[in-house]
2 protein chains.
Amino acid sequence: MVRRQARGERRMAELQDAAAAVFAEVGYEAATTNAIAARAGVSPGTLYQFYGNKEAIAQALADRYLEQLRSAHGALTPELAHLPLDELIDRMAGPMVAVNVANPGFKALFGRADMPEQLAAPTRAVHAAVFGRIDAVLAARRPDLPAADRARTAQVTMRLFGGLVPMIVSADEGERPALVEELKKVLRGYLGPIVG
Amino acid sequence: MVRRQARGERRMAELQDAAAAVFAEVGYEAATTNAIAARAGVSPGTLYQFYGNKEAIAQALADRYLEQLRSAHGALTPELAHLPLDELIDRMAGPMVAVNVANPGFKALFGRADMPEQLAAPTRAVHAAVFGRIDAVLAARRPDLPAADRARTAQVTMRLFGGLVPMIVSADEGERPALVEELKKVLRGYLGPIVG
DNA sequence: TTGAAACACGAGCAGTCGCTCGCATTCTAC
DNA sequence: GTAGAATGCGAGCGACTGCTCGTGTTTCAA
C-alpha cells in the first residue's frame with residue numbers, strides 16, 4: 001500500500017462519491033474518467049494519482065458496497081435457521097432494498113446481465129458474496145437439501161433480487177412500499193415450499 | 001421506404017444476423033459497427049447504406065424479436081382465461097424461454113436495467129409489448145382486479161422473466177430444464193394467490 | 001527551516017469509434 | 001444496349017476516450 005496523507009484519503013472518498021453518481025447516471029461504459037474527475041472537482045491526473053484505471057474505481061465501489069451490505073445484514077447467526085419464513089424474508093429483503101436505494105449506482109454496475117469483460121472481477125465478488133449469504137441461510141434451514149438443489153435455489157433467489165430490486169430502486173418513492181411487498185410475496189411463494 | 005433490390009434485402013438480413021451475434025458476444029455498447037460489418041463480410045459503408053446508425057440496427061433486431069415472440073405465443077385467445085394456472089404458465093414461459101434461447105443476443109440488448117439513452121426506444125417497445133401481453137392475460141383471468149394492482153402484478157411478472165430468463169439462456173444445456181422448472185415454481189408461487 | 005514525498009494540474013498523446021464520401025460495380029426498367 | 005438507380009468499397013475524418021507526464025504546490029518529519 002502507498003503512503004497517504006489525510007488529504008489523499010479525502011480525495012479518494014470524493015472520487016468514489018463522484019464515480020458512484022456518474023455511474024448511476026450513465027452506466028459504467030458511458031461514464032468517462034474525465035467526467036468523474038470533473039464531478040469530484042479534480043483534474044484527470046489527480047484521479048489517476050489514486051486509481052490506476054477505470055476498473056479500479058469500480059473495484060473500490062464494489063468493496064464499499066459489500067461493506068455496507070455486510071453491516072446492514074449483521075452477523076449470520078444460527079437463529080435465522082428457525083425464524084418464521086416471513087420474518088426471515090423481512091430480515092433479508094429489508095436491508096437489501098435499503099442498501100440499494102441508498103446506492104442507486106450499484107445496480108447499474110453489478111446487477112447487469114452482461115459483463116463488459118472488465119468489471120468481471122468486481123461483479124463476481126459481489127455476486128459471490130450475496131450468493132454465499134443466501135446459500136448459508138438455506139443450508140442452516142434445510143441441512144438435508146442436496147448441495148446442487150440448494151445452489152440452484154440460491155441462484156434463483158439471487159436472480160429474483162436482481163430482477164426486482166432495480167425496479168424498486170427506480171420506482172417513485174410512494175410506489176416503493178407496495179413493490180417491496182410484491183418482492184416479499186415472490187420470495188414467500190418461491191421459498192415457502194422449499195424452506196417453509 | 002426506399003427502393004430495394006433482392007440483393008439488398010439479403011444484405012440487410014445478413015447484417016441483422018451479424019449484429020445479433022456481435023451484440024450477444026460483447027453487448028450493445030462494446031459492439032462496433034465496423035465489427036458488425038466485418039462479421040457480415042461487408043464494408044462499413046455498405047452497412048450504412050442500409051442502416052442509418054447503430055441504433056437503427058438495434059431497432060431492426062427489436063422488430064424481429066417481437067415478431068418471433070408474437071408468432072411463438074400465437075393469438076391471445078379468451079380460453080387462456082380459464083386454463084389451469086399450471087398450463088397457463090407453461091404456455092407463457094415455454095415460448096418465452098425458447099425464443100430467448102434461440103436469440104441469445106436479445107437479452108443483452110433488451111433485458112438491461114440501465115438503458116444507454118439510445119436503445120431507449122427499441123427497449124421500451126419490447127417491454128411494452130411483453131407487458132401488454134401479461135396485462136391482458138391477467139385482465140382476462142381477474143376482471144375484478146383494480147387496474148393499478150393488475151399493472152403492478154404484470155410489471156413484477158415481467159421482471160421475474162427478466163431476472164430468470166437470462167440465467168436460463170446462459171446456463172449449460174443440461175441444467176436448463178431444471179432452471180425452467182424453477183422459473184415455473186416462481187411464477188406459480190407468485191401468481192397462484194392472485195389468479196390461481 | 002528544509003527537502004523529500006505526496007498531491008494537483010491540464011494540455012495532449014495514442015488509440016478507437018461511429019460514420020462519411022468519392023468512386024467503382026452490378027442490376028433493372030425501357 | 002443503355003441510363004440511372006441500387007449496391008459496394010475502404011481510406012480516413014472528426015470527435016472522444018482512457019490515460020500520461022512534465023511541472024508546480026502543499027504537507028510534514030526531522
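Protein chains get the first letters and strands the later ones, always in sequence-line order, with residue 1 at the start of each.
A:Ala30 comes within 4.0 angstrom of no nucleic acid atom, judged by non-hydrogen atoms across all strands. Counting any heavy atom pair closer than 4.0 Å across all strands shown, A:Asn53 reaches sugar-phosphate atoms only and no base atom.
Shown are A:Thr153, A:Leu88, A:Val186; of these, the side-chain contact (heavy atoms from CB on, under 4.5 Å) with A:Leu191 is made only by A:Thr153.
Close approach of DNA chain C to chain A, defined as any atom under 4.0 Å from a non-hydrogen atom of the protein, starts and stops at C:dA6 to C:dG10. For DNA chain D, the outermost nucleotides in 5' to 3' order that have an atom under 4.0 Å from a heavy atom of chain B are D:dA6 to D:dG10.
Between B:Tyr28 and B:Phe23, the ring planes lie tilted relative to each other; the angle falls in the 30° to 60° range.
Within the 4.5 Å cutoff, no side-chain heavy atoms of B:Arg133 are placed close to those of B:Arg70. Looking at B:Arg188 and A:Tyr190, their side chains never come closer than 4.5 Å, going by heavy atoms from C-beta outward. Looking at heavy atoms from C-beta onward, A:Val99 lies out of side-chain contact with A:His73 at the 4.5 angstrom threshold. Looking at B:Phe161 and B:Leu183, their side chains come closer than 4.5 Å, going by heavy atoms from C-beta outward. Counting only heavy atoms from C-beta outward, the side chains of A:Arg10 and A:Gln5 never approach each other to under 4.5 Å.
Using a cut-off of 4.0 Å between Lys/Arg side-chain N and Asp/Glu carboxylate O, B:Glu181 and B:Lys185 are scored as not salt-bridged. Classification of A:Arg91 and A:Glu87 as a salt-bridged pair holds, one side-chain N sitting under 4.0 Å from a carboxylate O.
Listed by residue number, the members of residues 39-51 of chain A with any heavy atom below 4.0 angstrom from DNA chain D are A:Pro44, A:Gly45, A:Tyr48.
Atom-to-atom distance recorded for A:Leu164:CG and A:Met167:CE is 4.5 Å, nearest 0.5 angstrom.
The residue among B:Ala35 and B:Arg7 whose nearest nucleotide of DNA chain C is located toward the 5' end is B:Ala35.
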